[in-house]
Amino acid sequence: MSAFDVDVLIVGAGPVGLFGAYYAGVRGLRAAIVDSLSQVGGQVSAMYPEKAIFDIAGFPAVSGRRLIANLVEQAAPYDPAYLLGQEAQRLDRVPREGRPDLLVVTTGAGTEITAGAVVVTGGIGTFTPRPLPAGEEFLGRGLAYFVPDSADYAGRDVVVVGGGDSAVDWTLMLHPIAASVTLVHRRTAFRAHRGSIERLTASPVKIILNAQVTATLGGERLERVEVGVTGEDGARTLPCDRLVAALGFTANLGPLRAWGLDLRDNRHLVVDSAMRTNVPGVFAAGDIADYDGKVRLIATGFGEVATAVNNAAVHIDPHAQLFPGHSTDGPVPLPAPV
């Protein structure tokens with residue numbers, strides 16, 4: 001069993017968690033980040049790494065992949081420990097006379113992390129893609145639920161299934177490099193952003209509405225799909241060696257439910273203005289945190305996690321200052337220029 005002793009444990013390695021690791025370093029706190037996914041970046045890396053993000057301050061546009069890479073680089077001088085592919089499960093307390101309790105989090109891999117405070121930045125919790133009714137046998141052999149790397153789709157016949165932001169974004173991302181891209185949606189209206197829909201309808205992408213993939217065919221790998229269209233006799237057969245099922249996902253707070261945290265809507269952690277939950281020593285920031293007037297943006301989460309880390313610093317050491325000053329007030333380790 002592995003063991004780590006840190007000042008702050010961050011649960012969730014998405015953009016907000018990564019910025020929290022940087023800010024913990026600014027405060028002189030040793031940090032570890034645990035995440036159930038095998039890579040950093042959370043939903044951004046898993047679902048839309050190539051998508052342009054327009055609402056990060058100071059960036060007219062930045063791809064999800066570049067944003068995550070920048071955040072990792074920003075935190076790197078402080079050497080946070082990354083514990084990936086491990087779900088935070090049990091929370092225990094170690095009482096200390098005259099000082100706040102230590103918190104011990106055990107992961108599904110058996111790793112024990114002892115920390116003075118925990119900051120939960122788990123987004124929407126653990127998320128699982130909704131399965132495609134026809135085609136699970138080709139998972140990893142042509143069928144995928146996420147598109148982390150577009151290079152694998154170059155020159156391929158691609159079918160994307162879905163009508164939300166991910167389906168439309170991946171379709172627009174892939175059509176310039178794929179041999180062909182067809183978008184199959186079971187309704188006539190899309191749920192994606194209006195601007196993305198306008199770009200889609202102006203593109204050469206083939207769109208089949210009121211339709212579903214009814215069969216997947218091939219040998220060792222996927223070769224073609226059958227698409228049933230409402231009102232048509234028989235199914236259409238399309239060449240397809242890459243099938244992307246963007247049918248949404250289910251989110252679950254998982255073991256966090258057993259931590260005694262106050263929940264709202266059974267999926268968000270209620271916090272106060274200091275980003276404290278009702279459990280002493282446990283803070284939350286980002287999409288998983290909730291309070292009156294909450295606006296769920298990555299930009300909002302960045303400010304929240306800075307607030308959480310600063311208040312965690314005071315929780316760990318009541319004599320510490322809440323506001324340490326601005327990063328421009330003194331020397332701060334920076335990555336070497338490229």
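No hydrogens, no waters, no symmetry mates; every other heavy atom, side chains included, goes into these values. Note that the coordinates shown come from a computational prediction; the quantities given were computed from them, not determined experimentally.
- When the ring pair (Phe, Tyr, Trp, His ring centres under 6.0 Å) test is applied to Phe19, the partners found at least two apart in sequence or on another chain are Tyr22, Phe302.
- The closest side-chain heavy-atom distance from Ile288 to Leu253 is below 4.5 Å.
- Partners of Asn278 by side chain to side chain donor-acceptor pair (under 3.5 Å), not counting sequence neighbours: none found.
- Side-chain contact between Val94 and Asp92: absent, with no pair of heavy atoms (C-beta onward) separated by less than 4.5 Å.
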For residues 156-177, which side-chain donor-acceptor pairs fall under 3.5 Å, sequence neighbours excluded?
unit_1 : atom_1 : unit_2 : atom_2 : d
Asp157 : OD1    : Ser180 : OG     : 2.7
Asp165 : OD1    : His193 : N      : 2.8
Asp169 : OD2    : Lys51  : NZ     : 3.1
Trp170 : NE1    : Met47  : O      : 2.7
Thr171 : OG1    : Ala167 : O      : 2.7

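- Within a 6.0 Å sphere centred on CZ of Arg141, heavy atoms belonging to other residues, nucleotides or ligands number more than 12.
- Side chains of Tyr153 and Val244 form a contact here, defined as non-hydrogen atoms less than 4.5 Å apart.
- Applying the side chain to side chain contact (heavy atoms under 4.5 Å, CB included) criterion to Asp265, with sequence neighbours excluded, gives Arg267, His268.
- Asp101 meets the side chain to side chain donor-acceptor pair (under 3.5 Å) test with Arg93; sequence neighbours excluded.
- Between Tyr23 and Val305 the shortest side-chain heavy-atom distance does not fall below 4.5 Å.
- Every side chain to side chain contact (heavy atoms under 4.5 Å, CB included) that His315 has, sequence neighbours left out, goes to Pro100, Ala117, Phe283.
- The shortest distance between side-chain heavy atoms of Phe190 and Thr201 does not fall below 4.5 Å.
- Residue pairs meeting the side chain to side chain donor-acceptor pair (under 3.5 Å) criterion with at least one partner in residues 202-226, sequence neighbours excluded, are Glu137-Thr216.
- Screening residues 171-188 for salt bridge (Lys or Arg N to Asp or Glu O under 4.0 Å), with sequence neighbours left out, gives no hits.
- For Arg96, the CZ atom counts as densely surrounded, since its 6.0 Å shell holds more than 12 non-hydrogen atoms of other residues, nucleotides or ligands.
- With sequence neighbours left out, the side chain to side chain contact (heavy atoms under 4.5 Å, CB included) criterion links Leu84 to Ala13, Asp35, Val40, Tyr82.
- Among pairs with a residue in residues 303-321, those fulfilling salt bridge (Lys or Arg N to Asp or Glu O under 4.0 Å) read Lys294-Glu304, at least two apart in sequence or across chains.
- In this structure Thr107 satisfies the side chain to side chain donor-acceptor pair (under 3.5 Å) test together with Gln86, sequence neighbours excluded.
- Every side chain to side chain contact (heavy atoms under 4.5 Å, CB included) that Asp7 has, sequence neighbours left out, goes to Leu29, Arg30, Ile316.
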